[in-house]
Amino acid sequence: MSQAAAQASVPAYDEAWFAARAQAGVQGLKAYDPGHDLVALRRRFGEANLVELGSNENPYGPSPAARQAVLDSLQALHRYPDPLGADLKRALARTHGVDTSQILLGNGSHELLMLLGQVFAGPGDEVVFSRYGFAVFALATQAAGAQMRIVEALPREAAMPCGHDLDAIAAAVGPRTKLVYVANPNNPTGTWFGREALTAFLDKLPPHVIVVMDEAYAEMADAPDYESALNVLQRYANVAVTRTFSKAYGLAGLRVGYLIARPGLVAVMERLRESFNVNGPALAACEAALGDGEHLADSCARNAEQRAALSAALAERGLRVFPSQTNFVLVEFGADTARIETALVARGVVLRPMGGYGLGDCLRITVGDADENRRLLAALDAVRA
Ligand SMILES: *Cc1c(COP(=O)(O)O)cnc(C)c1O
């Protein structure tokens, strides 16, 4: 063999080479975009000077009882956590009025959304979700090797701009559909739908599909017509609801989410769950957090107040703010979006660019506390001047 031929036969062992060896679903996959490198930005600006409004974290933090529970759990770090998470499940069952057999715990609800795809969909199957639906829906579908059926969202001009078009989603469900992912309220749009829309939608779906209702922001939704799917679980046996401790409970760092559904669905998912997927300090903290309803209510009330104030302040500046029932708002910045975003980062204000969602003229802004929102608005005025 000539030297050139020998060289040509040596694989590059680069991403393309390994991707060609991955299972078909992974070949077309793009990794989840977590936004800016916050560790680097904290180092550059110093934590006190950085306004972090890119990841929908809770500026008020967790219940003091959750912090204490983490400290108390430190003497048992050499032990495996309870593989069943039984104490946390009992606390969740009490909180939601369900049986512990209806609950599955996850390393964040992200893990549960992925697991749902893996368990219930595969090659040859379809998974239906909305354009501008939460990014993990596409990841979960492709990781499972299933086909994505992305349904056009409501138009920009609608009362719920870019929100889920439930009629179109229901119409897209076919004989090969195994799963439907719906987020209510949705990230990144902040939009939601009400009680009547929810039950009308569920009534339309054929009984063979499993409907995943991602309710990561449900605790923060205070619109009079908002209704959690947890309240209709009795009537709709094919619904699985996912919730998280990352947002309203202020425990994003511990990575705990949970799913509530029929015991049979939970039992099948248990077959694939890693036995110690939720760690000991996290289990203890979440149980304690559930016991502090006052902290949760206070946190949600402050968020609602700041969400209204921030939305009004942005609208006063001539910006279109999408309606939101979450702790973030999606805002149209038009042709100037990328420049504004870059200029804000240069001033230590981190928002979330939306190009990955096909909303490149918008930025997603987490609702901070009063001080963070004031600093954001000041920086915005400076870079837009
Ligand atoms: C933040 C978020 C989640 C997941 O959060 P975890 O931290 O993984 O529990 C799920 N769905 C939506 C819509 C979210 O915004």
Side-chain angles (χ1 to χ4, degrees), residues 31-35 38 52-59 61-62 66 85 88 92 103-118 127 129-141 143 153 160 162-164 179-193 211-221 226 228-230 240-260 273-274 277-279 282-283 285-286 289-290 299-300 303 307 322 324-330 351-352 354 356-357 359 364-367:
Y32 179 78
D33 173 14
L38 286 162
E52 297 186 27
L53 300 176
S55 298
N56 302 342
E57 292 149 336
N58 185 329
L88 177 55
L92 283 167
I103 302 171
L104 184 73
L105 301 178
N107 194 258
S109 55
H110 187 141
E111 182 188 44
L112 297 171
L113 295 169
M114 296 297 290
L115 201 58
L116 280 157
Q118 249 186 302
V127 178
F129 51 89
S130 176
R131 188 174 305 283
Y132 317 125
F134 186 45
V136 172
F137 304 161
L139 264 177
T141 305
M160 286 296 157
C162 302
H164 288 8
L179 275 179
V180 178
Y181 285 108
V182 166
N184 190 31
N186 182 48
N187 174 13
T189 56
T191 51
W192 72 97
F193 48 86
V211 189
V212 181
M213 300 285 314
D214 176 348
E215 295 189 350
Y217 301 94
E219 299 88 351
M220 300 171 179
Y226 180 79
S228 165
L230 286 179
V241 179
T242 61
R243 293 281 188 101
T244 182
F245 283 95
S246 299
K247 308 281 163 58
Y249 286 94
L251 287 167
L254 291 181
R255 312 298 307 122
V256 185
Y258 57 99
L259 172 147
I260 301 183
R273 180 183 67 86
E274 284 180 42
N277 61 334
V278 182
N279 69 72
L283 288 171
C286 291
L290 283 176
S299 197
C300 291
N303 175 64
R307 181 175 65 205
F322 287 37
S324 169
Q325 283 288 289
T326 64
N327 68 340
F328 61 84
V329 285
L330 191 64
L351 309 181
R352 181 62 68 92
M354 288 283 111
Y357 275 99
L359 292 166
R364 195 191 66 194
I365 307 177
T366 302
V367 177

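Whatever order the structure lists ligands and atoms in, that order sets their numbers, starting from 1.
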- Query: Which pair of non-hydrogen atoms, one from Ala153 and one from Cys162, has the smallest distance, and what is that distance?
  - Reply: CB-O, 3.6 Å
- Task: Can you sort out which atoms of ligand 1 are near Ser246, meaning under 4.0 Å from one of its heavy atoms?
- Result: 6 (P), 7 (O), 9 (O)
- Would you kindly say whether Asn56 and Thr366 are connected by a side-chain donor-acceptor distance under 3.5 Å? yes
- Arg255: numbered ligand 1 atoms lying under 4.0 Å from its heavy atoms: 6 (P), 7 (O), 8 (O)
- Query: Considering distance alone, does some N or O of His110 sit under 3.5 Å from an N or O of ligand 1?
  - Reply: yes
- Note on the structure: For Ala135 and Tyr357 the tightest heavy-atom approach is N-OH, 2.9 Å
- Step-by-step salt bridge (charged side-chain N to carboxylate O under 4.0 Å, His left out) determination, Glu57 to Lys247: CA-CA 6 Å; Glu57 292 149 336; Lys247 308 281 163 58; over 6 Å; no
- Item | Pair Phe134 + Phe129: ring centers closer than 6.0 Å | no
- Quick one: which ligand 1 atoms are inside 4.0 Å of a heavy atom on Ala216? 2 (C), 3 (C), 10 (C), 11 (N), 12 (C), 14 (C)
- Query: What do you reckon, are the aromatic ring centroids of Tyr258 and Phe245 less than 6.0 Å apart?
  - Reply: yes
- Do the ring centers of His110 and Tyr32 come within less than 6.0 Å of each other? yes
- Under 4.0 Å to a heavy atom of Gly108 - the qualifying atoms of ligand 1, by number: 6 (P), 8 (O), 9 (O)
- Can you list the ligand 1 atoms lying under 4.0 Å from a non-hydrogen atom of Ser109? 3 (C), 4 (C), 5 (O), 6 (P), 8 (O), 9 (O), 10 (C)
- Query: By number and element, which atoms of ligand 1 are closer than 4.0 Å to a non-hydrogen atom of Asn187?
  - Reply: 13 (C), 14 (C), 15 (O)
- Atoms of ligand 1 close to Tyr217 [distance to a heavy atom under 4.0 angstrom, numbered from 1]: 1 (C), 13 (C), 14 (C), 15 (O)
- atom 1 (C) of ligand 1: nearest protein contact (heavy atom, Å): Lys247 NZ, 1.3 Å
- Say whether Asp214 and ligand 1 are in contact under the criterion: heavy-atom distance to a ligand atom below 4.0 Å. yes
- At under 4.0 Å between heavy atoms, what of Phe245 touches ligand 1? The answer is neither
- Item | Salt-bridge criterion met for Arg273 and Glu111 (N-O under 4.0 Å) | no
- Please say whether Asn107 places an N or O atom under 3.5 Å from an N or O atom belonging to ligand 1. no
